[in-house]
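Inspection log for the structure reproduced underneath, given as structure tokens.
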Amino acid sequence: MPFERINFIKVNRIFNPSEPGFAPMFRRKFIVKEPVASAVVHVCGLGYAYYYLNGQAVTEDLFIAPVSDYRKTLWYTSYDVTDKLQQGENVFAVLCGNGWYNENHRTSWNHNIAPWRDNPKFILELEVNGKRVLSSDEHWKCTADTAIVYNQLRCGEHFDARLYDENWTAADYDDSAWQNAVSDSTPPVGTFRPCPCEPIRIDRVYPALSVKDMGEDRYIFDFGQNMSGFIRLTVDQDDGDEIVIRYAEELYENGEPNFNNMGCHYPDTPFQTDRLICPDGKFTWSPKFVYHGFRYAEVTGIKNPTPASAAGVFVHQDVKARSSFECSDPFLNELFRIGQMATLSNLFYMPTDCPTREKLGWCNDAQSSCEQMLTNFTTERLFAKWLQDIYDAMLPDGQLPGIIPTSGWGYAWGNGPVSDGILFEIPHRLYLHTGETKYLIESLPYFDRYLCFLETRENADGDVTFGLDDWAHPRGADKVTAPFVNSALRIKFLKIANLAAQLAGEGEAYWAEKLAKQIAVHREKYMNADSTCKIDKQTAVAMNIVYGIYDDPEPLKAQLERLVEEMDYHHDCGMLGLPHLWEALNLCGLQEDAYRILTASGFPSYRNWVEDGATTLYEMWNMDYSQNHHMYSCFMGWMMSTIIGIRKTEPAYNAVELEPCFFEGLDWAKGHIDTPHGTVSVEWKRRKNPLVTDVSLTIPEGMRAHFRDTALSAGTSEFTIITTVMY
């Protein structure tokens with residue numbers, strides 16, 4: 001284990017919790033006495049740090065180290081630096097920023113009173129040829145007087161380029177005026193763990209499409225795409241000129257940026273605002289310790305700007321797309337694309353709610369999106385990392401917060417089974433997608449602790465009433481409330497716990513008894529004698545269908561079909577209900593109804609968003625608040641399982657049913673998913689004369705697959721199907 005008998009180091013400066021947020025720099029010259037056969041450096045920065053060896057960046061990774069509850073887990077990263085190290089004299093340089101570790105401004109989520117707050121610091125160990133040759137200690141030189149004079153992750157960065165010397169990472173830089181670093185006098189409580197997930201990296205750069213002169217020395221740059229990231233600004237200014245960059249997702253009708261829909265939780269500070277104090281002449285700059293959510297940037301103070309003066313830099317967790325979707329309907333293609341962009345924009349060491357207002361790991365959002373994220377992206381390592389954060393967030397009595405990681409906020413609001421269910425969702429989905437059982441088995445003690453906690457929250461009627469309901473319902477108060485959804489979700493949780501016990505080979509009877517009891521309680525409270533649901537709403541009926549809470553599914557099917565028809569084939573559910581609705585309609589053979597909801601016009605609908613110009617998914621169906629949320633991205637999983645028709649029937653895609661639906665209005669569709677066995681793909685195309693559909697299916701070795709009643713062999717199989725409307 002790295003970091004034995006060494007400490008974090010920081011500047012010799014008394015911590016001032018109201019200080020604006022400096023970014024200290026550190027340097028250390030050292031000698032390597034023998035030829036370098038191998039060299040590895042282990043690092044952890046609190047909040048974030050960047051590392052340079054002999055003038056070169058150690059890595060392209062951004063925002064190192066991952067956010068956590070720093071009292072419980074300290075995520076570290078290891079890098080091979082063999083090609084950057086030399087026999088003889090070398091120099092390491094480190095730049096630290098605040099990140100989540102030291103937020104000094106007041107917000108609704110109380111990170112400014114986090115128990116771990118301190119000046120930024122880092123810990124480092126360099127091993128050469130298997131031996132430690134350098135570590136973080138008091139021999140490092142440091143300074144707090146740097147060009148980054150302010151950095152707060154959720155607000156902005158201020159950079160005074162006049163104070164910057166680009167040679168500061170080189171061996172010949174004069175650091176004689178710097179002080180010695182100090183060893184952290186309070187060693188961290190958290191356990192060091194190697195970070196299992198992909199880093200945050202630059203994905204792509206979006207050149208500005210236009211720049212508009214707004215008068216009063218203000219210009220609006222449009223990058224054409226909502227994204228997570230920051231600006232790359234190239235200027236030619238006079239020494240000391242100040243440039244202010246404010247980020248926005250949308251413009252008012254008069255062309256002015258809307259800064260009011262995001263910053264309501266930041267009462268004491270400018271929001272999404274960067275500042276650059278310019279040197280004389282040409283200079284290119286991006287912030288290092290902040291990222292924003294934006295499509296537009298208002299830039300004040302820039303001289304003679306052109307679209308080439310600015311670009312939007314898209315950054316996120318470096319996961320890869322594992323699926324593709326394309327069809328004859330341009331609307332569906334665009335909807336899938338903006339779902340991809342919304343998902344990627346919200347992967348920052350956790351699934352965040354939005355890259356603008358909060359950047360927080362809201363568990364309710366993630367529970368809604370978990371299935372599609374694993375279907376469409378390589379997010380299993382990210383979820384494995386976040387699952388440890390979830391364990392860390394659980395209180396001794398089993399309670400969980402609504403946001404994870406948290407500094408203490410979220411146990412009194414925003415939680416409940418709608419959010420807390422992420423504890424069950426992640427290990428279960430990881431098992432279904434990868435076949436890996438360890439996450440379910442390791443989670444069993446946490447499952448037990450949490451479900452026992454729910455029992456302590458029952459009222460006299462046996463209901464659990466706390467927590468979120470069918471959140472963000474398009475019609476506000478007309479939604480399924482907490483008692484029902486908590487009852488149904490407890491059945492889901494108990495089924496997953498029972499599965500985990502079966503895989504572990506112990507405790508099955510215990511969980512089976514609890515499951516049978518909860519099903520009986522739920523049926524007594526919420527099922528009519530005719531096997532319909534007493535709560536006559538889409539969410540409630542869909543949840544009963546998905547969790548198999550019935551003797552005969554036909555009454556529930558008829559009830560759901562009626563409820564969809566009564567809404568003129570629009571959804572009438574929030575972020576909890578919508579993924580259940582897609583799945584329930586498929587289970588009932590009502591894929592056509594699901595397709596009509598997906599492609600509907602009017603309110604509420606995805607088409608409304610696309611016609612509004614959305615380039616990512618919105619937070620609200622009325623288009624208020626954030627315009628870059630992932631919580632309604634569940635449709636992407638449905639498109640892959642239904643329009644493309646790739647449906648796993650065993651964990652890890654060991655067996656699949658290929659059942660594409662040939663919906664009226666679509667002439668063709670094609671897509672693929674990369675599975676543990678390899679790539680499975682489906683392509684179909686309708687021919688109108690004669691009325692048939694040609695289907696091409698490709699499966700890898702080791703996968704059992706069926707198309708209708710035909711078992712498929714590895715490779716490509718082709719069929720011609722006589723079709724009418726859908727099938």
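All values below come from the heavy atoms of this structure, side chains included, with hydrogens, waters and symmetry mates left out.
Side-chain atoms of N226 and E249 form a donor-acceptor pair, as typed in the model, at a separation below 3.5 Å. A donor and an acceptor atom, one from each side chain of T82 and S38, are nowhere located under 3.5 Å apart. Neither side chain, N112 nor N104, offers a donor N or O lying under 3.5 Å from an acceptor on the other. Defined by atom type and a distance below 3.5 Å, a donor-acceptor pair is present between the side-chain atoms of N167 and D172. Between the side chains of T343 and H630, no donor N or O sits under 3.5 Å from an acceptor N or O.
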Discussion item. What verdict does the side chain to side chain donor-acceptor pair (under 3.5 Å) test give for N54 and N90, after you've listed the backbone C-alpha separation in whole Å, the side-chain angles of each residue and the deciding distance to 0.1 Å?
Written reply: CA-CA 6 Å; N54 295 326; N90 296 267; 2.8 Å; yes

Discussion item. Pair S68, D389 - check side chain to side chain donor-acceptor pair (under 3.5 Å), show working.
Written reply: CA-CA 6 Å; S68 64; D389 295 328; 5.3 Å; no

Worksheet entry | side chain to side chain contact (heavy atoms under 4.5 Å, CB included) assessment of V315 paired with F230 | CA-CA 8 Å; V315 301; F230 41 75; 4.0 Å; yes

Item to complete: Take Y51 and F92 through the ring-ring contact (aromatic ring centres under 6.0 Å, His included) test and state the conclusion after the steps.
Response: CA-CA 7 Å; Y51 304 89; F92 241 115; 7.2 Å; no

Worksheet entry | Residue pair Y52, W168: steps toward the side chain to side chain contact (heavy atoms under 4.5 Å, CB included) verdict | CA-CA 10 Å; Y52 306 88; W168 79 276; 3.9 Å; yes

Discussion item. Pair Q179, N12 - check side chain to side chain donor-acceptor pair (under 3.5 Å), show working.
Written reply: CA-CA 8 Å; Q179 297 180 328; N12 187 11; 5.1 Å; no

Worksheet item: Under the ring-ring contact (aromatic ring centres under 6.0 Å, His included) criterion, do F22 and Y150 qualify, and how do the steps go?
Response: CA-CA 5 Å; F22 62 93; Y150 174 87; over 10 Å; no

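Within the 4.5 Å cutoff, the side chain of E138 has no heavy atoms near those of the V182 side chain. Under the 4.5 Å side-chain criterion, counting only non-hydrogen atoms from C-beta, E60 is not in contact with I202. Contact check for C96 versus F122: side-chain heavy atoms found under the 4.5 Å cut-off. With a 4.5 Å cut-off on side-chain heavy atoms, F223 and F294 count as touching. Looking at heavy atoms from C-beta onward, C363 lies out of side-chain contact with D365 at the 4.5 angstrom threshold. Residues D160 and I148 have side chains not in contact (no heavy-atom distance under 4.5 Å, counting atoms from C-beta outward). Between W285 and D274 there is a side-chain heavy-atom pair separated by less than 4.5 Å. Contact check for R162 versus I277: side-chain heavy atoms found under the 4.5 Å cut-off.
Under 4.0 Å is where a charged nitrogen must lie from a carboxylate oxygen, and between R132 and E125 at least one such pair does. E619 has a carboxylate O that lies under 4.0 Å from a charged side-chain N of R357, or vice versa, which qualifies the two as a salt bridge. We find that R275 and E242 are joined by a salt bridge, their nearest charged nitrogen and carboxylate oxygen being less than 4.0 Å apart. One finds no salt bridge joining E157 and K288 here, because no Lys/Arg side-chain nitrogen approaches an Asp/Glu carboxylate oxygen to under 4.0 Å. The pair D175-R27 meets the salt-bridge criterion, with a side-chain N (NZ, NE, NH1 or NH2) lying under 4.0 Å from an Asp/Glu carboxylate O.
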Could you list the donor-acceptor pairs under 3.5 angstrom formed by side chains in residues 192-201, with sequence neighbours left out?
from, atom 1, to, atom 2, distance (Å)
R193, NE, T73, OG1, 3.0
R201, NE, D61, OD1, 2.6
R201, NH2, D61, OD1, 2.9

Side-chain donor-acceptor distances from residues 300-312 under 3.5 Å, at least two apart:
from, atom 1, to, atom 2, distance (Å)
K303, NZ, D238, OD2, 2.5
T306, OG1, A308, N, 3.2
S309, OG, T306, N, 3.0
S309, OG, T306, O, 3.1

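Figure legend: cation-pi geometry between R204 and Y206, with NZ or CZ positioned under 6.0 Å from the six-membered ring centre and within 45° of its axis. No cation-pi contact links K212 to Y296, judged by a cut-off of 6.0 Å to the six-membered ring centre and 45° from its axis. A cation-pi arrangement is not found for R295 relative to F221, the charged atom failing to lie both closer than 6.0 Å to the ring centre and inside a 45° cone about the ring normal.
Panel note: side chain R246, backbone A297; no donor-acceptor pair is recorded below 3.5 Å. Looking at Q86, its side chain does come within 3.5 Å of a backbone N or O of E89 through a donor-acceptor pair. No side-chain donor-acceptor contact under 3.5 Å links D612 to the backbone of A614. Judged purely by atom type and a 3.5 angstrom limit, D353 uses its side chain to pair as donor or acceptor with the backbone of L360. Using modelled atom types, no side-chain atom of N376 and backbone atom of A321 make a donor-acceptor pair closer than 3.5 Å. The main-chain N or O of A342 is found under 3.5 Å from a side-chain atom of N346 such that the two form a donor-acceptor pair.
Checked against the 6.0 Å centroid threshold, Y48 and F63 count as a close aromatic pair. For F159 and Y164, the ring centers are positioned less than 6.0 Å apart. Between Y70 and Y101, the distance from one ring center to the other falls under 6.0 angstrom. Checked against the 6.0 Å centroid threshold, W75 and W386 do not count as a close aromatic pair. A ring-centre distance under 6.0 Å is found for Y618 and W609.
Minimum heavy-atom separation, F314 to S345: CE1-OG, 3.5 Å. For the residue pair V36 and A39, the shortest heavy atom distance occurs at CG1-CB, 4.1 Å. Across all their heavy atoms, F3 and V43 have their closest contact at CZ-N, 3.9 Å.
Every residue meeting the side chain to side chain donor-acceptor pair (under 3.5 Å) condition with D203, not counting sequence neighbours, appears here in chain and number order: H316. Take H629 and apply the side chain to side chain donor-acceptor pair (under 3.5 Å) test, not counting sequence neighbours, and it matches S626. Partners of N98 by side chain to side chain donor-acceptor pair (under 3.5 Å), not counting sequence neighbours, listed by chain and number: N102, N151. Annotation: side chain to side chain donor-acceptor pair (under 3.5 Å) contacts of T234 (sequence neighbours excluded): T284.
Taking a 6.0 Å sphere around CZ of R232, one finds it holds 12 or fewer heavy atoms contributed by other residues, nucleotides or ligands. Residue I14 places its CD1 atom among 12 or fewer non-hydrogen atoms of other residues, nucleotides or ligands, all under 6.0 Å distant.
We find the CD1-CG distance between I113 and N110 to be 4.0 Å, quoted to the nearest 0.5 Å. Interatomic distance, CD of E166 versus OG1 of T169, reported as 9.0 Å (0.5 Å rounding). The CH2 atom of W109 lies 9.0 Å from the CD atom of E103; values are rounded to the nearest 0.5 Å. Atom OH of residue Y219 and atom CD1 of residue I243 lie 11.0 Å apart, to the nearest 0.5 angstrom. Summarising the geometry, atom NE2 belonging to H105 is positioned 8.0 Å from atom CG belonging to L153; distances are rounded to the nearest 0.5 Å.
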